[in-house]
Amino acid sequence: EGVKVDGNKRVPANTWFASVLLEDDFAEAALKEIAQLIPADVFAGRIRSVVDIKYISEPRHIAEGRWQVDMISTRILMDRMTGKSERLPFNRTFTLEAVEIPRSPLGSNASLVEQKIYEIRATGLQITNIVPFEPKKT
């Protein structure tokens, strides 16, 4: 079914959960952009989408409490009805920032959604920016 993020646009629930790693304002904007990339057939179960990660760089320290990480990956779209697949480069640079780790006031009494959000945020990092990454050709 997905989660509505912009009018009638939706993102898969897993994408929405992953967005809790993003800084709030950035998450809102990013989810709207991601929703534009999601084919409607994903929500009908016809198309599956997966990101195949090939490489993640070592973090580069860019400022106090901030790092950048490069990722080389391929986005694969598979049509479950026809068997056709499409592979798209999906290389990105992520800017990460150290943040205070939130604690759930409800602990184990929190809903499953709340527990998942606090589990994801337990890294103490949030993503503040994502930009295309162009690997150097060797």
Side-chain angles (χ1 to χ4, degrees):
E1 219 176 275
V3 177
K4 285 187 179 183
V5 295
D6 189 25
N8 62 350
K9 293 291 185 179
R10 297 178 284 170
V11 295
N14 286 344
T15 301
W16 183 88
F17 271 112
S19 76
V20 302
L21 284 171
L22 305 175
E23 184 275 325
D24 290 339
D25 291 336
F26 179 59
E28 187 175 331
L31 283 172
K32 288 177 182 177
E33 285 190 37
I34 291 168
Q36 300 298 322
L37 300 173
I38 307 293
D41 285 343
V42 165
F43 301 105
R46 180 176 171 155
I47 293 182
R48 300 280 314 234
S49 176
V50 67
V51 175
D52 180 20
I53 298 172
K54 307 282 190 219
Y55 169 79
I56 297 179
S57 71
E58 290 292 323
R60 290 185 304 281
H61 188 256
I62 59 170
E64 184 64 34
R66 294 178 55 122
W67 300 265
Q68 284 187 330
V69 176
D70 301 320
M71 176 184 78
I72 297 175
S73 63
T74 302
R75 182 170 177 233
I76 305 169
L77 298 172
M78 298 166 284
D79 187 317
R80 297 175 69 192
M81 306 302 260
T82 66
K84 181 182 170 193
S85 69
E86 184 178 4
R87 295 171 181 267
L88 307 164
F90 191 73
N91 305 324
R92 298 293 184 265
T93 296
F94 298 86
T95 302
L96 306 158
E97 182 175 270
V99 294
E100 186 175 328
I101 297 173
R103 302 281 181 227
S104 170
L106 300 176
S108 61
N109 293 326
S111 70
L112 290 176
V113 170
E114 290 175 57
Q115 287 179 29
K116 187 68 173 171
I117 289 171
Y118 283 106
E119 178 185 323
I120 291 170
R121 297 298 307 258
T123 62
L125 294 171
Q126 71 179 8
I127 299 170
T128 59
N129 197 18
I130 302 172
V131 296
F133 169 62
E134 294 294 329
K136 293 178 182 170
K137 307 252 189 223
T138 55

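Both backbone and side-chain heavy atoms feed into the values below; hydrogens, waters and symmetry mates do not. Here the structure is a predicted model, which means the values were calculated and not measured.
- Counting heavy-atom neighbours within 6.0 Å of R75 CZ, excluding the residue itself, gives a total above 12.
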Could you check D79 against L77 for side-chain contact (heavy atoms from CB on, under 4.5 Å), going step by step and ending with a plain yes or no? CA-CA 7 Å; D79 187 317; L77 298 172; over 6 Å; no

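- Atom CD of E114 has more than 12 neighbouring heavy atoms from other residues, nucleotides or ligands inside a 6.0 Å radius.
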Pair I130, M71 - check side-chain contact (heavy atoms from CB on, under 4.5 Å), show working. CA-CA 10 Å; I130 302 172; M71 176 184 78; over 6 Å; no

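- Using a 4.5 Å cut-off on side-chain heavy atoms (C-beta onward), I120 and K116 make contact.
- Between the side chain of R46 and the backbone N or O of M81, no donor-acceptor pair lies under 3.5 Å.
- F90 and V50 fall into different hydrophobic clusters, where Ile, Leu, Val, Met, Phe, Trp and Tyr residues are linked whenever their side-chain heavy atoms come under 4.5 Å apart, directly or through other members.
- Note on L37 and F26: separate hydrophobic clusters, where clusters join Ile, Leu, Val, Met, Phe, Trp and Tyr whose side-chain heavy atoms are under 4.5 Å apart, directly or indirectly.
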Working for side-chain contact (heavy atoms from CB on, under 4.5 Å), residues V11 and W16: CA-CA 7 Å; V11 295; W16 183 88; 4.2 Å; yes

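- Cluster membership check: F17 shares its hydrophobic cluster with V5, using side-chain heavy-atom separations under 4.5 Å among Ile, Leu, Val, Met, Phe, Trp and Tyr.
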Any chance you could lay out the side-chain contact (heavy atoms from CB on, under 4.5 Å) test for R10 and V42, step after step, and finish with the verdict? CA-CA 10 Å; R10 297 178 284 170; V42 165; over 6 Å; no

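- The environment of CD in Q36 is crowded: more than 12 heavy-atom neighbours from other residues, nucleotides or ligands sit within 6.0 Å.
- Salt bridge R87/D52: absent, no basic N to carboxylate O contact under 4.0 Å.
- With hydrophobic clusters built from ILVMFWY side chains whose heavy atoms lie under 4.5 angstrom apart, F94 shares a cluster with V51.
- The distance from atom CZ of R121 to atom CG of L21, rounded to the nearest 0.5 Å, is 7.0 Å.
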